[in-house]
S.K.: 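One structure is given below, represented as structure tokens, and several questions about it will come after.
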There are 2 protein chains.
Amino acid sequence: MAVQYIASCDGRVVSAKEIAEKYAISFEFVSKALQALMRRKFIASQQGATGGYIMLRDPKTLSVAEILEAVEGKQRLVECCGEGGAGACSMHGRCSIRTPLAIIQRRLDAVLQSMTVAQMAFPDENIEQYVVISQFTGSFETSFSN
Amino acid sequence: MAVQYIASCDGRVVSAKEIAEKYAISFEFVSKALQALMRRKFIASQQGATGGYIMLRDPKTLSVAEILEAVEGKQRLVECCGEGGAGACSMHGRCSIRTPLAIIQRRLDAVLQSMTVAQMAFPDENIEQYVVISQFTGSFETSFSN
DNA sequence: GGATTCAGGACTAGAAAAGTCGTATATTTG
DNA sequence: CAAATATACGACTTTTCTAGTCCTGAATCC
């Protein structure tokens, strides 16, 4: 929500306090998330009395996957379904479902990569792209509003 | 792994002890999961000295989504992205990303529904179906082996 | 210099998950 | 029938993760 809000402010410097008040969550909690996003260079911070945060990455190419990984770390179905995690698992050698799980993991990642900050912040401008992607799910959705 | 194994035994009654030994996990832990699957009628249990478990549902139509929901409960990105969960959330009224999150949730569910027990237990027999689905991810995978 | 803001480590509390234990019940076999 | 083997399931413990807080410090603006 914070990233979506910063993106929607389009160039304005937004303080963590403002975001915390808007969404009624604690200032410290928002700050922690924003600091993680800053470390990944998704947003830039400006210190001082009129400081705050501003978008650094283009919302059209910043995906939900990247935000989740920055804030919560890389989440996996099981520890071995990542890059070179074959030996990392305690079931190594006995597991018979590593390949199918890795395939599912790749598809899940693709889903999280398919939604961008721009689509969340400016839904009206992205209807065409949205319809194309939704063909996978089997259902055709034509509206996109909050 | 347990369901995949029972499915691969194709009609034979398989005991929890056998599964626990095969995968080197505790008997009680396997039992707990199998009991959850029994309650959902995915497998049937047979008590007594030669007892065990047997498939009840067709592996070709039993999805990973159903197994995960049975064993670990319905997992969601956030509590409100389910059926009629609109008011369930503490952010109700302030949240601005409910719709996009619900869309992502639906796509994630679709991924978990796209992999069946049969595809995990008998990979060689399901190559065609597998290729069709993977078109969504953008990558074309032609092999499927454990 | 004082007010405001970010930076970030340390800490706490609570929930969830993993895993265990004990007891009851059903079934087969000798 | 009795012993052996299996499931059924609630209760319990332990561990791990996450949400959220607290505090100190540094940068910037007025």
Side-chain angles (χ1 to χ4, degrees), chain A residues 1-3 5-6 9 12-56 67-80 88-91 95, chain B residues 1-3 5-6 9 12-56 67-80 88-91 95:
Chain A
M1 292 192 293
V3 176
Y5 183 63
I6 295 172
C9 289
R12 206 186 100 222
V13 174
V14 186
S15 74
K17 187 187 174 196
E18 179 182 341
I19 295 172
E21 285 172 355
K22 179 172 176 66
Y23 296 109
I25 45 184
S26 89
F27 166 78
E28 291 87 355
F29 194 46
V30 178
S31 293
K32 200 171 256 189
L34 293 175
Q35 282 164 29
L37 297 170
M38 182 205 62
R39 271 176 230 123
R40 297 296 183 96
K41 302 277 170 66
F42 297 164
I43 58 179
S45 68
Q46 190 178 312
Q47 294 196 331
T50 60
Y53 298 91
I54 193 172
M55 283 311 281
L56 212 57
I67 294 171
L68 288 179
E69 183 181 341
V71 176
E72 309 191 347
K74 188 158 242 161
Q75 301 295 316
R76 291 173 181 163
L77 286 173
V78 290
E79 49 184 335
C80 64
C89 180
S90 63
M91 297 297 291
C95 177
Chain B
M1 291 191 295
V3 175
Y5 183 62
I6 294 173
C9 289
R12 205 186 101 222
V13 174
V14 185
S15 73
K17 186 187 175 196
E18 180 181 341
I19 295 171
E21 284 172 355
K22 180 172 176 64
Y23 296 109
I25 44 186
S26 89
F27 166 77
E28 291 88 354
F29 193 46
V30 179
S31 293
K32 199 174 257 190
L34 293 175
Q35 283 163 28
L37 297 170
M38 183 204 62
R39 273 176 228 121
R40 298 295 183 98
K41 303 278 170 62
F42 296 164
I43 58 179
S45 68
Q46 189 178 313
Q47 295 196 329
T50 60
Y53 297 90
I54 193 172
M55 283 311 279
L56 212 57
I67 293 171
L68 288 180
E69 184 182 340
V71 176
E72 307 191 348
K74 189 158 243 160
Q75 302 294 317
R76 292 171 182 163
L77 287 172
V78 289
E79 48 184 337
C80 64
C89 181
S90 63
M91 296 299 290
C95 176

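What you are looking at is a predicted structure, and each value in this text was computed from that prediction instead of being measured. Note on naming: letters A, B, ... go to the chains in the order of the sequence lines (proteins, then strands), and numbering restarts at 1 for each one.
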S.K.: Nearest to the side chain of A:Glu28, which nucleotide is it out of C:dT28, D:dA8, D:dT21?
M.R.: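 The answer is D:dT21, which lies nearest to the side chain.
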
S.K.: I'd like to check the side chain to side chain donor-acceptor pair (under 3.5 Å) partners of B:Arg12; sequence neighbours left out, ordered by chain and number.
M.R.: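 If we apply the side chain to side chain donor-acceptor pair (under 3.5 Å) test to B:Arg12, skipping adjacent residues, the hits are B:Glu18.
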
S.K.: Reckon A:Gln46 touches a base, only the sugar-phosphate, or nothing at all at heavy-atom distances under 4.0 Å?
M.R.: sugar-phosphate

S.K.: A:Gln47 has an atom CD; how far is it from atom P of C:dG2, in whole Å?
M.R.: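 Interatomic distance, CD of A:Gln47 to P of C:dG2: 20 Å.
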
S.K.: Give the minimum heavy-atom separation between B:Thr50 and B:Val13, together with the two atoms involved.
M.R.: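 Minimum heavy-atom separation between B:Thr50 and B:Val13: O-CG1, 4.0 Å.
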
S.K.: Judged by each residue's nearest nucleotide on DNA chain C, which is more toward the 5′ side, A:Lys32 or A:Met38?
M.R.: A:Met38

S.K.: Expressed as a whole number of angstroms, how long is the span from A:Leu37:CG to C:dA7:P?
M.R.: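 So the two atoms are 11 Å apart, to the nearest Å.
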
S.K.: Distance check: side-chain N/O of A:Arg39 vs OP1/OP2 of C:dG8, anything under 4.0 Å?
M.R.: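 For A:Arg39, the contact criterion (side-chain N or O under 4.0 Å from OP1 or OP2 of C:dG8) is met.
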
S.K.: Output the single nucleotide from D:dT7, C:dT27, C:dA7 whose closest atom is nearest the side chain of B:Tyr53.
M.R.: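 Nearest to the side chain of B:Tyr53 among the choices is D:dT7.
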
S.K.: Want to settle it: does B:Gly52 or A:Gly48 sit nearer the 5' end of DNA chain D, counting the closest nucleotide to each?
M.R.: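 That would be B:Gly52.
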
S.K.: In whole Å, what is the span from the CD1 atom of B:Ile54 to the C1' atom of D:dA6?
M.R.: 15 Å

S.K.: Tell me what B:Lys17 touches on the nucleic acid: a base, only sugar-phosphate, or nothing, going by heavy atoms under 4.0 Å.
M.R.: sugar-phosphate

S.K.: Measure from CZ on B:Phe27 to C1' on C:dG22 and round the result to the nearest Å.
M.R.: 13 Å

S.K.: Rounding to an integer number of Å, can you tell me how far B:Glu72 CD sits from C:dA17 P?
M.R.: 7 Å

S.K.: Which heavy-atom pair separates B:Arg40 from B:Ala70 by the least distance, and what is that distance?
M.R.: CG-CB, 3.6 Å

S.K.: Starting the side chain at C-beta, find the nucleotide from D:dA8, D:dC9, C:dT28 nearest to B:Thr50.
M.R.: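 So the side chain of B:Thr50 is nearest to C:dT28.
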
S.K.: Taking CD from B:Gln75 and P from C:dA17, how many angstroms apart are they, rounded to a whole number?
M.R.: 6 Å

S.K.: With a 4.0 Å cut-off on heavy atoms, is A:Ser31 in touch with a base, just the backbone sugar-phosphate, or nothing at all?
M.R.: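 Contact class for A:Ser31: none.
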
S.K.: Can you pull the salt bridge (charged side-chain N to carboxylate O under 4.0 Å, His left out) pairs that have at least one residue in residues 21-37 of chain A, sequence neighbours excluded?
M.R.: none

S.K.: Examine C:dT20: is either OP1 or OP2 under 4.0 Å from a nitrogen or oxygen in the side chain of B:Ser26? Give yes or no.
M.R.: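 True: B:Ser26 side-chain N/O within range (under 4.0 Å) of C:dT20 OP1/OP2.
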
S.K.: Check whether any side-chain heavy atom of B:Val3 sits under 4.5 Å from a side-chain heavy atom of B:Phe42, and report yes or no.
M.R.: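 With C-beta onward as the side chain, the pair stays apart.
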
S.K.: Find the distance A:Gln35:CD to D:dA26:P and express it as a whole number of Å.
M.R.: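 Going from A:Gln35 (CD) to D:dA26 (P), I get 15 Å.
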
S.K.: Could you tell me how far apart B:Phe29 (CZ) and D:dT15 (C1') are, to the nearest whole angstrom?
M.R.: 13 Å

